[in-house]
Amino acid sequence: MTETVLITGGAGFIASHCAVLLLRQGYQVRALDNLDVQIHGVERRPPAYLDKRVELIIGDIRSPRVVKRALVGADVVIHLAARVGVGQSMYQVADYTDVNSRGTAVLLEAMVERAKRRPFSRLVVASSMSVYGEGLYRTAAGTLAPSVERTPQRLKAGLWEPTDASGNLLEPLPTPETKPVSMGSVYALSKYDQERLCLLVGRAYNIPTVALRFFNVYGPHQALSNPYSGVLAIFAARLLNNRAPLIFEDGEQRRDFVYVGDVAEACRLALRCDAAIGRVFNIGSGRSVTINQVARLLADTLGVAIEPEISGECRMGDIRHCFPDISRACSVLDYCPRTTLEEGIGKLVEWLDGRVAVDRVGEALTALASRGLTV
Ligand code: UD1
């Protein structure tokens, strides 16, 4: 029998890739999305990249009536709906909390009600690497340092690398799911809310739930004109407008960029794998790179000779290094990231061809600086 999947945030970048993959697997796909202006533009039209076979319901995740309707006949749910700007979350506190946390609560109440008549076989919730704050580190003496934070004083002095209490530099290590969480932004806190709410309510009401902590996801369909989206989309928007990418700090901070197709595959696996129920998984590529490296790779692949500009600025709440240990996802989910950064950036660049991006980075930095949210 054909299974129906409801994807919340279903007109978004990650959702569009999940939809194609799941359609190919024989699922019927329904999307619930409010076509947020920041992502979809003032016209709020359904995006051209969304597969025509997807049944799109336009509405808000916070509306019990809309969510109830979206759940009719659904067997599984992938919950991706969220506001996603880290910096913006620090001044639109009520809205981020409302959409992400309360929106998830509304979804869960509706699922619990519906499950009385017909159970769900899975709920997959998109959590985030942001719940870790700084990643895991090791001291020079070889002990693990799981609760590192950078002080504003050091950041103001341009001392970007975190140190131990005696001022010795720390070595960043792959972060496992067992590292204690440490939320540094309203966005991060709301993603943790989403993750915990889904696991807790799922467990109480027998809705088999899996949480995926996505690292830095990139690829085609990423919102180019949203200055709060991921760094690769932001750099692409700058380069398409013949402007230099602005690199914060010194560009030596490390991240794991995971291709969106691999993230969609992780979602598919989470729908199927019973051993994953009730657990959280890091979803990354398994390789870390610096922001300088990724800026150069993007410019080279685009074939533009614009040097990135090191701004020496730092956004409040930004972390220095965080990249995942993905061994749990590999062994339990059978997750195996297939797209290398070079291939993935190649696909991003192909998609960028002929596209127009409005570069709003200056606007976003001014918005943050005027609120004292940059260092
Ligand atoms: C954050 C969140 C992550 C979320 C992602 C996209 C944390 C720890 N993680 O990741 O969950 O999915 O945002 O919303 O909060 N950078 C520049 N120039 C720019 C933009 C960014 O140098 O114009 C740098 C940042 O300082 C950072 C790195 O690039 O060091 C990555 O930034 P970004 O893509 O915003 O993602 P994260 O902060 O890693």
Side-chain angles (χ1 to χ4, degrees), residues 9 12-14 38-39 80 82-90 96 100 126-135 148-150 155 160-162 172 175 179 181-192 194-195 212-219 222-224 226-239 241 243-258 260 263 282-284 288-296 298-299 308-324 357 359-366 368 373-375:
F13 147 61
I14 298 177
Q38 194 163 301
I39 313 287
L80 304 178
R83 297 213 59 198
V84 294
V86 175
Q88 194 175 42
S89 76
M90 298 301 286
Y96 270 74
N100 296 2
S127 182
S128 162
M129 50 93 82
S130 64
V131 302
Y132 293 120
E134 284 289 345
V148 170
E149 271 182 35
R150 299 191 291 179
L155 295 178
W160 311 119
E161 289 293 339
T175 299
K179 192 200 98 86
V181 294
S182 171
M183 281 69 73
S185 67
V186 173
Y187 167 76
L189 187 60
S190 72
K191 287 310 279 183
Y192 194 59
Q194 290 195 320
E195 173 191 306
L212 304 178
R213 291 179 178 166
F214 298 154
F215 278 65
N216 295 70
V217 187
Y218 73 97
Q222 208 161 358
L224 292 177
N226 176 2
Y228 297 99
S229 70
V231 67
L232 270 172
I234 294 173
F235 284 177
R238 297 282 295 179
L239 290 167
N241 286 287
R243 297 204 182 114
L246 282 182
I247 295 193
F248 301 146
E249 307 183 21
D250 60 357
E252 287 305 297
Q253 58 272 42
R254 300 191 85 85
R255 295 290 189 278
D256 177 316
F257 290 90
V258 56
V260 64
V263 169
N282 285 339
I283 302 299
S288 77
V289 290
T290 66
I291 297 305
N292 284 330
Q293 287 169 330
V294 91
R296 186 149 307 275
L298 179 66
E309 194 182 307
I310 310 265
S311 80
E313 269 182 283
C314 174
R315 295 179 303 193
M316 196 75 97
D318 255 359
I319 51 142
R320 181 63 175 173
H321 307 292
C322 188
F323 48 89
D359 168 26
R360 300 206 170 95
V361 170
E363 243 173 77
L365 277 178
T366 310
L368 293 181
L373 295 172
T374 52
V375 177

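When a ligand or atom number is given, it counts from 1 through the structure's own listing order. Just so it is clear, the values below take in all heavy atoms, side chains as well, and ignore hydrogens, waters and symmetry mates.
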Quick one: which ligand 1 atoms are inside 4.0 Å of a heavy atom on [X]?
X	result
Gly230	34 (O)
Leu246	17 (C), 18 (N), 19 (C), 22 (O), 23 (O)
Ile247	22 (O)
Asn216	10 (O), 34 (O), 36 (O), 37 (P), 39 (O)
Ile234	23 (O)
Ile291	22 (O), 28 (C), 29 (O)
Asp318	25 (C), 26 (O), 38 (O)

Measure from [atom] to every heavy atom in [options] and give the option owning the shortest one.
atom	options	value
atom 32 (O) of ligand 1	Arg213, Met129, His321, Arg315	Arg315
atom 11 (O) of ligand 1	Cys314, Ser89, Ser128	Ser128
atom 34 (O) of ligand 1	Ile310, Val231, Ile319	Val231

Tyr132 to ligand 1, any heavy atom closer than 4.0 Å: no
Phe235 touching ligand 1 at heavy-atom level, < 4.0 angstrom: yes
Exam field: side chain Gln38 to backbone Ala223, donor-acceptor pair closer than 3.5 Å: no
Given that the side chain starts at C-beta and the backbone is N, CA, C, O, which of these parts of [X] lies under 4.0 Å from ligand 1, counting heavy atoms, or is it both or neither?
X	answer
Val86	side chain
Val84	backbone
Arg255	side chain

Gap separating the CG atom of Asp318 from the CG atom of Leu155, nearest 0.5 angstrom: 9.5 Å
Top protein contact for atom 7 (C) of ligand 1, by heavy-atom distance: Ser130 CB, 3.3 Å
4.5 Å side-chain heavy-atom contact, Phe214 and Val258: no
Sub-3.5 Å N/O-N/O distance, Ser185 and ligand 1: no
